[in-house]
Amino acid sequence: MSERLKVLVADDQPDSLDLLRELLTVYNFELRVARNGLEAIGIGLKWEPDILITDIDMPDADGRHLTGRLKVSLPALIAIAVSGTPLNTDFEVYEDLIFDDYFVKPIDFGRLHKTLTKYGAKLDGQPTTY
């Protein structure tokens with residue numbers, strides 16, 4: 001991974017996408033967003049992000065399909081699932097083994113910060129309290 005992490009966020013809910021984009025501005029990321037899974041696949045294959053944060057339930061290409069497709073070309077991709085439904089949070093289902101972490105909405109931003117820091121995220125400027 002390069003010094004400045006590339007993060008792709010995919011969510012079909014504009015409010016959720018805007019909130020994540022706003023919260024992630026405190027990090028020294030190159031950040032791109034996608035409004036659905038198909039758009040995220042196109043961006044991901046060309047841009048090759050280090051981290052993917054994706055909603056699970058999206059039309060056309062859901063988060064599992066998106067992540068599986070990107071990991072074929074980008075096996076080192078860190079994939080973080082976000083869902084409004086607390087299903088499979090213990091990664092008991094084979095399909096969810098493609099995710100490195102799983103968050104239920106509303107996101108616990110303290111936990112998200114710890115998770116991103118574990119994967120090399122650095123704050124850009126002053127720390128922010130969530």
Side-chain angles (χ1 to χ4, degrees):
M1 288 185 205
S2 67
E3 186 174 319
R4 190 162 183 221
L5 293 174
K6 294 163 60 172
V7 177
L8 174 59
V9 178
D11 199 316
D12 66 319
Q13 298 298 316
D15 291 343
S16 295
L17 187 62
D18 290 343
L19 178 62
L20 271 170
R21 179 184 2 209
E22 182 68 26
L23 289 166
L24 294 174
T25 61
V26 300
Y27 296 97
N28 185 26
F29 289 150
E30 288 183 52
L31 184 65
R32 301 240 175 121
V33 297
R35 290 167 187 80
N36 61 60
L38 290 178
E39 182 181 5
I41 290 170
I43 292 170
L45 291 175
K46 291 178 185 169
W47 188 54
E48 299 184 351
D50 300 301
I51 298 174
L52 170 67
I53 301 173
T54 182
D55 187 23
I56 295 285
D57 187 22
M58 295 186 290
D60 299 324
D62 69 14
R64 288 178 181 93
H65 177 82
L66 159 62
T67 302
R69 178 62 186 92
L70 290 183
K71 282 201 170 194
V72 167
S73 298
L74 306 167
L77 178 72
I78 302 299
I80 300 171
V82 177
S83 180
T85 306
L87 297 176
N88 306 322
T89 55
D90 293 326
F91 302 99
E92 294 175 354
V93 175
Y94 173 75
E95 293 174 327
D96 289 335
L97 295 176
I98 61 174
F99 295 111
D100 298 284
D101 215 323
Y102 188 104
F103 288 82
V104 177
K105 294 178 185 178
I107 295 173
D108 175 340
F109 293 107
R111 184 173 156 244
L112 179 62
H113 172 72
K114 287 179 185 175
T115 300
L116 292 172
T117 301
K118 176 174 75 173
Y119 295 119
K122 295 180 175 115
L123 289 172
D124 192 16
Q126 296 296 320
T128 300
T129 304
Y130 297 106

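Basis for what follows: all heavy atoms, side chains included, without hydrogens, waters or symmetry-related copies.
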Asks: Do any pairs count as a salt bridge (charged side-chain N to carboxylate O under 4.0 Å, His left out) and have a residue in residues 72-83, sequence neighbours left out, and if so which ones?
Replies: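 Output for this query is empty, none listed.
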
Asks: So His65 and Ile41, do their side chains get closer than 4.5 Å, heavy atoms only?
Replies: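 Yes - at least one pair of side-chain heavy atoms lies under 4.5 Å apart.
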
Asks: Taking side-chain contact (heavy atoms from CB on, under 4.5 Å) as the test, write out the residues that go with Leu19, two or more places apart.
Replies: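 Residues passing side-chain contact (heavy atoms from CB on, under 4.5 Å) with Leu19: Leu23, Phe109.
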
Asks: Can you name the nearest heavy-atom pair linking Phe99 to Ile80, along with the distance?
Replies: CD2-C, 4.3 Å

Asks: List the residues meeting side-chain contact (heavy atoms from CB on, under 4.5 Å) with Arg32, not counting sequence neighbours, and say none if there are none.
Replies: Leu8, Ile43, Trp47

Asks: What residues, two or more places apart in sequence or in another chain, satisfy salt bridge (charged side-chain N to carboxylate O under 4.0 Å, His left out) together with Lys118?
Replies: none

Asks: Does the side chain of Arg69 come within less than 4.5 Å of Leu45's, by heavy atoms?
Replies: yes

Asks: Do you know the tightest heavy-atom contact between Asp12 and Pro59?
Replies: OD2-CD, 3.3 Å

Asks: The criterion is side chain to side chain donor-acceptor pair (under 3.5 Å); which residues satisfy it with Asp11, sequence neighbours excluded?
Replies: Lys105

Asks: Same cluster for Val26 and Leu17 if Ile/Leu/Val/Met/Phe/Trp/Tyr side chains link at under 4.5 Å?
Replies: yes

Asks: With Asp18, which residues qualify under side chain to side chain donor-acceptor pair (under 3.5 Å), at least two apart?
Replies: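 Here the qualifying residues are Arg21.
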
Asks: Quick one, Leu116 and Leu112 - any side-chain contact, counting heavy atoms below 4.5 Å?
Replies: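 Sidechains of Leu112 and Leu116: in contact.
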
Asks: Could you walk me through whether Asp50 and Ile78 pass the side chain to side chain contact (heavy atoms under 4.5 Å, CB included) check?
Replies: CA-CA 6 Å; Asp50 300 301; Ile78 302 299; over 6 Å; no

Asks: Any non-hydrogen side-chain atom of Ile107 less than 4.5 Å from a side-chain atom of Val82?
Replies: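 When only atoms from C-beta onward are counted, Val82 and Ile107 do touch, with a gap below 4.5 Å.
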
Asks: Could I get the full list of side chain to side chain donor-acceptor pair (under 3.5 Å) partners for Asp57, not counting sequence neighbours?
Replies: none

Asks: Where do Pro75 and Val72 come nearest, in terms of heavy atoms and distance?
Replies: CD-O, 4.4 Å

Asks: Test Arg111 against Asp101 for side chain to side chain contact (heavy atoms under 4.5 Å, CB included), laying out the working first.
Replies: CA-CA 11 Å; Arg111 184 173 156 244; Asp101 215 323; 2.6 Å; yes

Asks: So do the side chains of Lys6 and Leu31 get within less than 4.5 Å of each other, counting heavy atoms only?
Replies: no

Asks: Less than 4.5 Å apart, any side-chain heavy atom of Tyr27 and any of Leu5?
Replies: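 Side chain of Tyr27 against side chain of Leu5, heavy atoms only: no contact under 4.5 Å found.
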
Asks: Return the set of residues passing ring pair (Phe, Tyr, Trp, His ring centres under 6.0 Å) with Phe103 (not counting sequence neighbours), or none when no residue passes.
Replies: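 Phe103 satisfies ring pair (Phe, Tyr, Trp, His ring centres under 6.0 Å) with no residue once adjacent residues are dropped.
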
Asks: Only counting residues at least two apart or in another chain, list the ones meeting side-chain contact (heavy atoms from CB on, under 4.5 Å) with Lys71.
Replies: Thr67, Leu77, Ala79, Asp100

Asks: If you look at every heavy atom in Ala10 and Leu66, which pair is closest and at what distance?
Replies: CB-CD2, 3.9 Å

Asks: If the condition is side chain to side chain donor-acceptor pair (under 3.5 Å), which residues does Arg35 pass it with, not counting sequence neighbours?
Replies: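 Not a single residue meets the side chain to side chain donor-acceptor pair (under 3.5 Å) criterion with Arg35.
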
Asks: Nearest 0.5 angstrom please: Ile51 CD1 to Glu30 CD, how far?
Replies: 12.0 Å

Asks: Would you check if Leu24 and Ile53 make a side-chain contact, meaning some heavy-atom pair closer than 4.5 Å?
Replies: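 The answer is yes; the side chains approach within 4.5 Å.
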
Asks: Do you know the tightest heavy-atom contact between Asp55 and Ser83?
Replies: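 Between these two residues, the closest heavy atoms are OD1-CA, 4.0 Å.
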
Asks: Heavy atoms only: give me the nearest Met58-Thr54 pair and the separation to one decimal.
Replies: CE-OG1, 3.4 Å

Asks: Under the rule for side-chain contact (heavy atoms from CB on, under 4.5 Å), what residues qualify as partners of Asn28, not counting sequence neighbours?
Replies: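 side-chain contact (heavy atoms from CB on, under 4.5 Å) check on Asn28 returns Arg4, Asp124.
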
Asks: Does the side chain of Leu123 come within less than 4.5 Å of Thr117's, by heavy atoms?
Replies: no

